[in-house]
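As the structure lists them, so they are numbered: ligands from 1, and atoms in each ligand from 1. Only a predicted model underlies this, so the values are computations on that prediction, with no experimental measurement involved.
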Amino acid sequence: MSTILHQPLRILVTGGAGFIGANFLHQIVPKFPDAVIVNLDKLTYAGNLQNLHAIENARNYRFVHGDICDLALVQKLFTEHQFTTVVHFAAESHVDRSIHSPIDFVRSNVVGTASLLQVAKDFWMRFSSDMQKFRFLHVSTDEVFGALGSSGTFSTETPYAPRSPYAASKAGADHFVRAYAETYGLPVVVSNCSNNYGPYQFPEKLIPLAIVRALSRDPIPVYSKGENVRDWLHVRDHCEALTCMLQYGLTGETYLVGSAGECSNLELLRVLLTILDEELGRPSGSSWELITFVKDRPGHDFRYAIDASKLITELGWTPSHTLEEGLRTTVRWYLSNPSWLQAVMDESYRTYMKSQYSTG
Ligand code: NAD
Ligand code: DAU
């Protein structure tokens with residue numbers, strides 16, 4: 001792409017202490033040295049300031065502990081920093097937790113997004129009528145499109161059909177974002193991305209969960225027969241895609257992000273555990289025996305696959321990690337960061353894990 005449509009100057013990042021938000025901040029803090037970047041995060045169980053250690057003292061970065069539902073706080077931040085750019089990650093993100101506590105998801109994902117939009121719209125209408133000077137980038141998921149059978153891909157034409165409380169709450173958020181674009185003309189861009197993996201992912205999601213369980217030689221729970229398919233994308237490729245959308249994306253547009261990294265959960269775990277065995281010097285494939293089939297997740301979406309051609313052809317984005325190489329660097333990251341793992345696998349994590357297995 002040659003023409004930059006939007007220059008991020010004063011940026012509000014929400015949920016930047018979580019997995020993807022932290023990886024995004026690691027990219028943009030050095031990339032935009034003259035910008036002011038404010039990270040607003042509630043620090044739920046998934047938010048962790050250790051994820052941001054490398055950039056916490058950067059001149060252009062500031063952390064604010066708070067909730068996106070807190071209108072007064074968000075208004076104060078907009079007044080203080082005159083944001084031109086919002087990148088909205090903050091959300092409850094784990095499907096299994098949404099099955100047990102759906103209202104938490106409605107609150108942060110739907111009410112939180114609507115609150116943020118309200119303040120952003122009021123601010124934008126008062127101070128920044130030039131479309132290109134303001135941009136609200138909403139980070140969403142392919143789960144809003146429901147489940148695929150054994151063929152086909154999600155595209156920007158796919159109708160919404162969310163099937164879990166998490167997916168429904170993200171779909172609600174997406175609809176609010178679109179409604180603000182249609183009703184008030186707010187310059188928004190929506191991103192729907194497939195499954196991410198990489199450094200700083202909380203060990204409740206399949207890949208880091210399998211790594212930590214294999215390290216301690218505990219059973220690795222695989223729902224049903226492990227035949228469900230996901231389209232795995234390295235988190236840094238996702239973050240590059242988001243920066244691309246921020247600068248070159250057309251407002252009002254939706255972009256789907258994925259890497260054609262489709263594989264079944266069982267195939268994925270076999271590759272992952274083989275790499276882990278190699279890195280640990282264990283006999284190759286010896287950790288496969290830890291794979292344990294358990295009761296299926298209720299409403300488990302069978303397959304996700306993404307047609308990312310719009311992002312590739314119109315904005316020039318391409319993923320740079322292959323699945324095998326991305327998994328290897330991810331395994332190495334977890335092996336090199338035992339203190340990070342120890343800190344996140346605290347008492348509340350252990351209680352959550354126990355509750356998962358007692359129902360399985
Ligand atoms: P995460 O759970 O690791 O992090 C979420 C962050 O949001 C945490 O730091 C948490 O403290 C913060 N947060 C939650 N509620 C908040 C609130 N009310 N106010 C302020 N902060 C709050 O999630 P993630 O995996 O990094 O996902 C980030 C975003 O990307 C989410 O919107 C998710 O739906 C979307 N997404 C995730 C994936 C994936 O594979 N992980 C794929 C596509 C899209
Ligand atoms: O597709 C994007 C979505 O990917 C994001 O929007 C979500 O925030 C993110 O959590 C992820 O959702 P999934 O439900 O696909 O991810 P998870 O890692 O929980 O599960 C991946 C697959 O592995 C899924 O088919 C369920 C299965 N699984 C998961 C866990 C936690 C197991 O078999 N065993 C497990 O213990």
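Remark: minimum distance from atom 10 (C) of ligand 1 to any protein heavy atom is reached at T44 OG1, 3.3 Å. L206 N, 2.8 Å is the protein heavy atom nearest to atom 18 (O) of ligand 2. Counting only heavy atoms of the protein, atom 29 (C) of ligand 1 lies nearest to F89 O, 3.2 Å. Closest to atom 26 (C) of ligand 2, if we only count protein heavy atoms, is H300 NE2, 3.3 Å. Ranking the protein heavy atoms by distance from atom 38 (C) of ligand 1 puts I20 CD1, 3.6 Å first. Protein heavy atom in closest approach to atom 23 (O) of ligand 1: S93 OG, 3.3 Å. The nearest protein atom to atom 43 (C) of ligand 1, hydrogens excluded, is given as C193 O, 3.4 Å; this is a heavy-atom distance. Atom 9 (O) of ligand 1 has its closest protein heavy atom at D41 OD2, 2.6 Å. Looking at atom 32 (O) of ligand 1, its nearest protein heavy atom turns out to be K170 NZ, 2.6 Å. The nearest heavy-atom contact from the protein to atom 42 (C) of ligand 1 is S194 O, 3.3 Å. Among all protein heavy atoms, the one lying closest to atom 5 (C) of ligand 2 is Y166 OH, 3.6 Å. At the shortest separation from atom 34 (N) of ligand 2 among protein heavy atoms lies P221 O, 2.9 Å.
Listed by number with element, the atoms of ligand 1 under 4.0 Å from a non-hydrogen atom of S140 are 43 (C), 44 (C). Listed by number with element, the atoms of ligand 1 under 4.0 Å from a non-hydrogen atom of N195 are 40 (O). The distance from ligand 1 to the heavy atoms of D67 drops below 4.0 Å at these ligand atoms: 17 (C), 18 (N), 19 (N). Atoms of ligand 1 lying under 4.0 Å from at least one heavy atom of L43, given by number and element, are 11 (O). For ligand 1, the atoms closer than 4.0 angstrom to any heavy atom of V139 are 30 (O), 32 (O).
The closest non-hydrogen atom to atom 13 (P) of ligand 2, taken over K205, E143, H94, comes from E143. Considering each of R297, R303, R230, E204, the one bringing a non-hydrogen atom nearest atom 17 (P) of ligand 2 is R297. Considering G15, A173, S191, A91 only, the shortest heavy-atom separation from atom 14 (C) of ligand 1 involves A91. Counting heavy atoms only, Y223 comes closest to atom 30 (C) of ligand 2 of the residues F302, F19, W232, Y223.
Taking 4.0 Å as the cut-off, C193 counts as a neighbour of ligand 2 on heavy-atom distance. Not a single heavy atom of T14 sits less than 4.0 Å from an atom of ligand 1. For G112, the heavy-atom gap to ligand 1 stays at 4.0 angstrom or more. Ligand 1 does not have A22 within reach: every non-hydrogen atom of the residue lies 4.0 Å or more from it. Residue-ligand proximity: Y166 is placed with a non-hydrogen atom under 4.0 Å from ligand 1. Residue contacts with ligand 2 do not include Q356, since none of its heavy atoms lies under 4.0 Å from the ligand.
In D142, neither the side chain nor the backbone holds a heavy atom less than 4.0 Å from any atom of ligand 1. Under 4.0 Å from ligand 2, not a single heavy atom of V294 appears. Neither the backbone nor the side chain of C69 comes within contact range of ligand 1; no heavy atom lies under 4.0 Å. Here D301 has no heavy atoms under 4.0 Å from ligand 2, in either its backbone or its side chain. Only side-chain heavy atoms of V95 come within less than 4.0 Å of ligand 2; its backbone N, CA, C and O stay farther off.
Residue contacts with ligand 1: H238 is placed with no nitrogen or oxygen under 3.5 Å of a nitrogen or oxygen of the ligand (distance criterion only). Where the criterion is an N or O separation shorter than 3.5 Å, residue side chain and backbone included, F19 meets it with respect to ligand 1. Note: no N/O pair closer than 3.5 Å links N48 and ligand 1 by distance alone.
H138 and S191 form no side-chain donor-acceptor contact under 3.5 Å, judged by distance and modelled atom types alone.
Surrounding NE2 of H53 are at most 12 heavy atoms belonging to other residues, nucleotides or ligands under 6.0 Å away.
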